[in-house]
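Step one of this worksheet: look at the structure below.
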Amino acid sequence: MTVTLWTLIKGQSGAIDGFDETLQDEYRIRLMELGFHPGEMVSCLQAPALGAPKVYRVANTVFSLDDEVASHVRIRPKTND
């Protein structure tokens with residue numbers, strides 16, 4: 001099961017599965033330059049209220065992404081099995 005990066009809540013993490021087909025190439029390329037590669041683990045560090053950009057950790061770096069970008073990144077949430 002995959003969800004969007006934007007749906008992760010504070011403290012949740014998962015592996016990047018890829019990007020949806022509607023994400024423009026320049027955004028896809030830039031995200032990959034920043035470390036958002038398929039298979040990479042990403043975690044949500046902060047999820048402010050009212051739709052403010054969320055803060056994520058990927059590849060030992062912290063980034064803030066808004067819903068317009070984060071909603072195009074597909075994630076396989078980590079389960080606590």
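Remember, predicted model here, so these are calculated numbers, not experimental data.
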For the backbone of [Y] and the side chain of [X], can you confirm whether one donor and one acceptor N or O come within less than 3.5 Å of each other?
{"X": "D25", "Y": "R28", "result": "no"}
{"X": "K78", "Y": "S43", "result": "no"}
{"X": "T7", "Y": "L5", "result": "no"}
{"X": "D67", "Y": "A70", "result": "no"}
{"X": "R74", "Y": "T2", "result": "yes"}

Legend entry - Whether over 12 other heavy atoms sit under 6.0 Å from E68 CD: no

Distance, nearest 0.5 Å, that separates [atom1] of [X] from [atom2] of [Y]:
{"X": "D20", "Y": "S71", "atom1": "CG", "atom2": "OG", "result": "7.0 Å"}
{"X": "Y56", "Y": "Q46", "atom1": "OH", "atom2": "CD", "result": "11.5 Å"}
{"X": "Q12", "Y": "C44", "atom1": "CD", "atom2": "SG", "result": "8.0 Å"}
{"X": "W6", "Y": "L65", "atom1": "CH2", "atom2": "CG", "result": "8.5 Å"}
{"X": "H72", "Y": "F36", "atom1": "NE2", "atom2": "CZ", "result": "14.0 Å"}
{"X": "M41", "Y": "N60", "atom1": "CE", "atom2": "CG", "result": "12.5 Å"}

Can you check whether [X] reaches [Y] side chain to side chain, under 4.5 Å on heavy atoms?
{"X": "I75", "Y": "I16", "answer": "yes"}
{"X": "V62", "Y": "L45", "answer": "yes"}
{"X": "F63", "Y": "V55", "answer": "no"}

Search all heavy atoms of [X] against all heavy atoms of [Y] and return the closest pair with its distance.
{"X": "M1", "Y": "P77", "answer": "O-CD, 3.6 Å"}
{"X": "G39", "Y": "A15", "answer": "O-CB, 4.2 Å"}
{"X": "L34", "Y": "V58", "answer": "O-CG1, 4.3 Å"}
{"X": "P48", "Y": "K54", "answer": "CD-CA, 4.2 Å"}
{"X": "A47", "Y": "K10", "answer": "CB-N, 4.2 Å"}

